[in-house]
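Here the structure is laid out as C-alpha cells; the discussion comes afterwards.
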Amino acid sequence: MYKQTYLCEIVEKKQLAPEIIDMTIKSKELAADALPGQFLNIRCGDGCSTILRRPISICDVDPAADTLRFIFQVKGSGTQFLEAKQCGDTLDIMGPLGSPFHLLEKVDGDVILLGGGIGVFPLFLLAKSIYEKGVKPTAYLGFRSADLVVMEAEFKQYTKDVKVSTDDGSYGMHGYATAYLINHIKNKKVGLVYACGPEPMLRQVQSICHENKVRCQLSLEQRMGCGIGACLVCACKIKKQEGFAYQHVCKDGPVFWSEDVVFGGE
Amino acid sequence: MYKQTYLCEIVEKKQLAPEIIDMTIKSKELAADALPGQFLNIRCGDGCSTILRRPISICDVDPAADTLRFIFQVKGSGTQFLEAKQCGDTLDIMGPLGSPFHLLEKVDGDVILLGGGIGVFPLFLLAKSIYEKGVKPTAYLGFRSADLVVMEAEFKQYTKDVKVSTDDGSYGMHGYATAYLINHIKNKKVGLVYACGPEPMLRQVQSICHENKVRCQLSLEQRMGCGIGACLVCACKIKKQEGFAYQHVCKDGPVFWSEDVVFGGE
Amino acid sequence: MENTNKSLKVNIGGVMLKNPIVTASGTFGFGKEYGEYFELSRLGAICVKGLTLTPRPGNPPPRIAETASGILNSVGLQNPGVEAFVKHELPHILKHDTKVIANIAGNTLEEYCHMAQIISDSATDLVEMNISCPNVKQGGVAFGTDAEMVYNITHEVKKYCKQPLIVKLSPNVTDITQIAKAAESGGADALSLINTLLGMRIDIHTKKPILANNVGGLSGPAIKPVAVRMVWQVASAVKIPIIGMGGIMTGSDAIEFMLAGASAVAVGTANFSDPLACVRILEEVESYLDKYEITDINDIVGKVAVHRK
Amino acid sequence: MENTNKSLKVNIGGVMLKNPIVTASGTFGFGKEYGEYFELSRLGAICVKGLTLTPRPGNPPPRIAETASGILNSVGLQNPGVEAFVKHELPHILKHDTKVIANIAGNTLEEYCHMAQIISDSATDLVEMNISCPNVKQGGVAFGTDAEMVYNITHEVKKYCKQPLIVKLSPNVTDITQIAKAAESGGADALSLINTLLGMRIDIHTKKPILANNVGGLSGPAIKPVAVRMVWQVASAVKIPIIGMGGIMTGSDAIEFMLAGASAVAVGTANFSDPLACVRILEEVESYLDKYEITDINDIVGKVAVHRK
Ligand SMILES: Cc1cc2nc3c(=O)[nH]c(=O)nc-3n(C[C@H](O)[C@H](O)[C@H](O)COP(=O)(O)OP(=O)(O)OC[C@H]3O[C@@H](n4cnc5c(N)ncnc54)[C@H](O)[C@@H]3O)c2cc1C
Ligand SMILES: Cc1cc2nc3c(=O)[nH]c(=O)nc-3n(C[C@H](O)[C@H](O)[C@H](O)COP(=O)(O)OP(=O)(O)OC[C@H]3O[C@@H](n4cnc5c(N)ncnc54)[C@H](O)[C@@H]3O)c2cc1C
Ligand SMILES: Cc1cc2nc3c(=O)[nH]c(=O)nc-3n(C[C@H](O)[C@H](O)[C@H](O)COP(=O)(O)O)c2cc1C
Ligand SMILES: Cc1cc2nc3c(=O)[nH]c(=O)nc-3n(C[C@H](O)[C@H](O)[C@H](O)COP(=O)(O)O)c2cc1C
Ligand code: FES
Ligand code: FES
C-alpha cells in the first residue's frame, strides 16, 4: 500500500484566543496512525502560487471518531488560508509525518512536559498517551500573556499538576516556564523532560537538563520543503564524534534527544 | 473627484447555459455611468498570483436599483474565480471603461445588431438604449449550438425581430448569423450595423458592410493590462493615411467604426 | 504610533524626490490615465513610457500574457517620439508637483546622444537610459549585456545630458555587478534595476506562443527574488544610488528593496491590478516607518543584516 | 478518446526512457521517500540528488524560503558522496524498472572527471553534469557561465564517462545558446535546463535574509516563462535532446516545454506541494495526447508554431 495525501473535511473549528484556531478534521487513516509529536503537512493554497505545505503538530486524536485535532497560530499567508476555511470545507493533508516522542516503559522520577507558545499543542496528545500508560506527568506551560493562555483545563485532566507562566505576568507566574523546571528539579527527582517551544526556550531546557543530568526530548522546528526527508532543506545539527552532522527535522525529528541537539550559531 | 475601484456585492447569480454565468452586482457609481458597449475590469484573484483583471462587457444596467449585469463564459483561471463567487460576496471592479457604441440621432434604414457567442451580451444594453430612443433594431444572434442559446426572449422585448443561428444547426438557422445580415441587406435598406463577436465574424461583417456601403460599428477584443490606456498592450490596427496606426481597445475602443479597423495578419 | 516628523525624502543623483515611490517606465504611460485615479503629486517621481528618437508603432498584438505571479509583455516601445513627448506630454506632467524622469531607448549610440540633447533642453528632472530593452540591438548584442559597451554609451550620453543620468540595467546577464560598475565608471548618477526577464508562453492548444512577438519581458512578483538579489549585489558594488524594481506590490516589498540597498523604488505591474497601487504602497511604507519609529527613510537603505558565513 | 497504442518513449542520448517524466535533481532524494507514495517504475527516469566526490554537509538552515509562485533553496549540495551513492543508494533504485541519472557537481575539473569514472563503473544509466550550482566555482567564475570552460569540462569529462553525458545549464547567463553550443561541441549527449535563478528574500521585520546562506536558487512556476524561453532558444541552436524543467506543475506545463523543444521534462518543486505530482503529470500528458489523437509523443517535440515577423 502506498502512502497518499488525504482530502479531509473540517468538522470543528473554534477560536481559542486571538489568532489561535482549534481545528478538528475527519480522516480514518490519519486518526489510525497518529502518534504524539508527529505533524501534518497541510496544503495552504492552490499549491502553485503558494507552493509549500505548512507543518502543524497533531494536538489530539480520536481514533473512535476518526478525527484529528490541531491548533495553530495565524501568522502569514498559509495560516491565514487555514483560518478562512470553514466546517465542511476540505483540507489536503499529508501525514502523520515525523518521528514521535519516545514513550519510555519505565521512568525513574517525575515526567515533565514543558511547552512554550504554539509548542504547548503537541504536548497534549503526549500527556494523554503518558496518562494512558499509567503515569501522570506535570505540565509547565508558558504563554506571552493572559489572553493567549489556552488548554490549561484540558491538560489538568491528564496531569498531576499544570502550572502556567506568562512573559508579562498577566497570568500565572511572571517569567518563563523554564523557571518551573529549575524549581522542580531542585525539589524532586525528575526522570524525563519533554519540551517544545521557541528555540531560546529549548536551548535553556537543554542546558538545565544537561547540568542536572536529566534526560530530555526536544521537539524542533525548521522551514520545510517536502516534509518527508527527500529535499534536505529542514536541516538541524546533530552531535557526531567530532562536531555535528545535519539531520532533518521532518523525518529524523521533529523530536530528538536533547543531548544530541546542537543549536546553531546565531 | 478621482476615479476609483469599487467593491461591489454580487446580488444575483444564475447559470444560463453550460459555462455561461449571469451575474448582477450592486454599485451606485457604476450603474450611474454605464453605457452600452463599455466594459468592467474585474479583479479575479488576489491581484498578486493572478495579476491581471478580466474585461467583461456590461450587459444591462438598472440605475434605479443601482445594479449592473454582466454575463460571462467560464474559460480559464479568471472566469473560474468569478464562477466560484456567490451572492453576498464582493468583487473589486474598475469601470465603466472604454468608449461606448455610438447611438446616431437619425439612421436612414434598419438598425441591425449582430452578435456571436459572448459578443451577444453587450448588445443587450445597446438594444434597450436604441429602443428607448424610439427605434426598434433587429437582432441576429449566433451561437455554437442549441444548449448555448441564451437571451433570445429578452432581446425580443426591445427589437423588431430576433433571429438565432447555430454553427451546428441544432437550433435556428444552420450556419453563421452573418447570413442573416447578407439576406437583410439584399431585401431591405440597412442604415447601421452593430457587431460584436469573434474576429472571423467581425472580418466578415466588415467586408459585407463595406461591399454594401452600410455603416457599421465593431466591438473588438484584445488581451489587456491596465484597461485604461496607460500600458499600450491592447493594441489594434486603425487605418491611417498610409497603412495603419495602433490604437487601444481599452480606451479608444472597444467600439470602432468598421471602416477604420484593419484586421491583423494571421 | 505615527511620527509626523518623519522624512521620506530621497536623493537620486542630486535630485530630491519627496518620497521613494516612482512609477516604472512603460506601465504608467505619461501619467494621464492614472492621474484620474489619484493626485500625481503624491508620487516621488513619474518615469514615463520609454521614448525613442522617432515615433514607434510597437509590436503586433497580443502584447501581454499572464504567467504565475507575473506577466509577459511585448509592447515594443510604442511611443510618439521624444520631441512629441517634450511638446505634448511633458507640460501636462509638469502641472503636478512631482519629478519627471524621461526614459529613453535608442538603436545606436548617436540616437541616445541626440535624445539626451533634446531632453536636456526640457524641464525633465532626470533621464533614465534604458539599455536593457530586448528590441534594442547593435551588432547583435544588446547594449546592456556588455560591460565595455555600457561604459562607452554611458560616457558618451553623459556629455549631452544636463540632467542627472540614470542607467537602467537588464537582468538578463551573467554578472550584473560588472555592468553596474561599468555604468558607474561611465558617469551614471544612479542605476535602475531590474528591467524584465526574457520569457515565453505557449498555448498548448493552438501550439502558438501567446505573444505575437513570441517572447516578451517577465515582470511582477515572480521576479522579485531575482530583483532583490541583484539590487543587493549591485548596492555592494557601486556607490551611486539605486532605484529598485521588479514585482513590488506592497509596502513590505518596497521596504525589502530598500533594505537590500535601493534608495527609491519603482512600481510597475502592480498598477494593473490596483490603479491606486503607488499611493497604497507609499502609505504602507509610512506605516512601517511609524511602527519602527524610523524618522528618516534613508536610515533603512542597505540595512539588510546579512548572515556571515 | 483514449488511444491505447500511443508511444511515450523518448530517447535521451541513446537511452530510451519509457516516458518523458524525470525527477529534478535535489527534489527527490534518492527516490526512497517518494517511493512510499507511488511505484517508482512509473517514472521515465530518476535523477538523484546532486553528488560530490566527498560527502558534503550542505549549508546551515534555514535553507528554504517561499516566494510568489516559487521557492528559494540553499541546500548547498548536502550528499553522502558519489561512492556512498553507488554503494548504498543505487542498489535500492535499481530494484525499480526506471532509468537512473546520476547528477554530479565538482569543485575542479579533476573532481568531475574522477566522479564520472566512479559512476562509469556502476549501473547508472546516464550522467548529468551540474555546472550550474552557485556554490561550485573555479577562479571566481562558475563553470557554467563561460562558454570556453563549458566546452573544456564537457570534453574532458566525456572521456571518463561510459554513459551518455547530460550537461545541466545555468539560467544565470547572458546568452544560454552560446553555453549550450559549447556543451554540444564538447561532446554532450543531451542538455538539461534550467537550473535555478539566483534570488534573495529579506524578512523586513528582522532585516535578515530568510536563508542563512543569504541567497538561494529560485524554482517553481515563477520561473517557467524564463525556462520555456531558454528551452526554445536552445532547441533551435543545438541538435542534441533537451530535458526541460523549471516550474512544471501540470501536464499542460510539461506539454508546453515539449512544444518548445524538450524531449523529456523534469519535475522538481511540484513534488513538494503534491507528492504524487510526477504520476499526475504523466497522466495529464497522456490525456493531452489522447485528446489530440497523437500516437507518438515525439511528434510534439519542438512543434511550437512561432509567429513569423
Ligand atoms: C514540526 C512543526 C510543527 C509545528 N506545529 C505547529 C502547531 O501545532 N501550531 C502552530 O501554530 N504552528 C506550528 N508550527 C509552525 C508553523 O508551521 C508555522 O507557523 C507556519 O508554517 C507559518 O506559516 P504561514 O504561512 O502562516 O507564515 P509565513 O511566514 O508566511 O510562512 C512562510 C514559509 O515559512 C515557513 N515557516 C514560517 N514559520 C515557520 C516555523 N515557525 N516553523 C517552520 N516553518 C515556518 C512556512 O511553513 C512557509 O513555508 C510547526 C512547525 C513545525 C516545523
Ligand atoms: C472589451 C472586452 C469585453 C469582453 N466581454 C466579455 C463578456 O461580456 N463576456 C465574456 O464571457 N467574455 C468577455 N470578454 C472576454 C473575456 O475577457 C475573457 O474570456 C476572459 O478574460 C478570459 O479570462 P480567463 O482567466 O477565464 O482565461 P485565461 O485564458 O486564463 O486568461 C488569461 C489572460 O488572457 C486574457 N484573455 C483571454 N481571453 C481573452 C479574450 N477573449 N479577450 C481578452 N482577453 C482575454 C485574460 O483577460 C487574462 O489576462 C471580453 C473581452 C474584452 C476585451
Ligand atoms: C507593459 C510594460 C511596459 C514596459 N515598458 C518599458 C519601457 O518602455 N522602458 C523601460 O525601461 N521599461 C519598461 N518596462 C519595464 C518596467 O519599467 C519594470 O522595469 C519592470 O516591469 C519590472 O517592474 P514590475 O515588476 O514592478 O513591473 C515595461 C514593463 C511593462 C510591464
Ligand atoms: C531543494 C532543491 C534542491 C536542488 N538541488 C539540486 C541539485 O543538487 N543538483 C541540481 O542539478 N539541481 C538541483 N536543484 C534544481 C532542480 O533540479 C531544478 O533544476 C530546478 O528546481 C527547476 O525545476 P523546478 O522548478 O521544477 O523545481 C534543486 C532544486 C531544489 C528546489
Ligand atoms: S522538508 Fe524535505 S527533507 Fe525535511
Ligand atoms: S490595457 Fe493598457 S492600454 Fe489598453
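Predicted model only: the values in this text are computed from it and were never measured. Here is the naming used below: chain letters follow the sequence lines, and residue numbers restart at 1 for every chain.
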Just so I understand: if I count every heavy-atom pair under 4.5 Å between each of [options] and chain B, which residue has the most?
options                      : value
C:G58, C:A65, C:G247, C:P60  : C:P60
C:P61, C:G220, C:G29, C:A222 : C:P61
C:G31, C:G268, C:P221        : C:P221
C:S74, C:A68, C:P275, C:A277 : C:P275
C:T250, C:I210, C:T67, C:N73 : C:I210
C:S273, C:P55, C:G26         : C:S273

| field | Largest heavy-atom contact set with chain C, pairs under 4.5 Å, which of B:T50, B:T5, B:N41 | value |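 Heavy-atom pairs under 4.5 Å are most numerous for B:T50.
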| When only pairs under 4.5 Å are counted, which of B:D92, B:V233, B:D46 shares the most heavy-atom pairs with chain C? |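 Highest number of heavy-atom pairs under 4.5 Å: B:V233.
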[X] bridged to [Y] by N-O distance under 4.0 Å:
X      : Y      : answer
C:D274 : C:R280 : yes
C:E83  : C:K87  : no
C:E89  : C:K49  : no

| request: Kindly compute the distance separating CD1 (C:I64) from SG (B:C231), expressed to the nearest 0.5 Å. | output: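 SG of B:C231 is found 5.5 Å from CD1 of C:I64.
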| request: Find the distance between CD1 (B:I10) and OG1 (B:T67) and round it off to the nearest 0.5 Å. | output: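 So the gap between those two atoms works out to 13.5 Å.
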| query | Is there side-chain contact between B:V205 and B:M201, with at least one heavy-atom pair below 4.5 Å? | reply |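 Side-chain contact under 4.5 Å: yes.
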| message | Could you check, using the six-membered ring where one of them is a Trp, whether B:Y194 and B:F101 have ring centers closer than 6.0 angstrom? | response |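 Yes, the ring of B:Y194 comes within the 6.0 Å limit of the ring of B:F101, centre to centre.
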Please classify the contact of [X] with chain B as side chain, backbone, both or neither, using a heavy-atom distance under 4.5 Å.
X      : value
C:Y34  : both
C:N271 : neither
C:T27  : backbone
C:F28  : backbone

So for [X], is it side chain, backbone, both, or neither that comes closer than 4.5 Å to the heavy atoms of chain C?
X      : value
B:R43  : side chain
B:M224 : backbone
B:A235 : both

| query | With no hydrogens and no angle check, is any side-chain donor or acceptor of B:D33 less than 3.5 Å from a backbone partner on B:L30? | reply |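 No: the side chain of B:D33 does not pair with the backbone of B:L30.
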| Of C:I248, C:L40, C:N19, C:L43, which meets side-chain contact (heavy atoms from CB on, under 4.5 Å) against C:C278? |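 Of all the options given, the one that passes is C:L43.
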| said: Which label fits B:F244 and B:Y246: parallel for a plane angle under 30°, tilted from 30 to 60°, or perpendicular past 60°? | reply: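 Because their plane-to-plane angle is over 60°, the rings of B:F244 and B:Y246 count as perpendicular.
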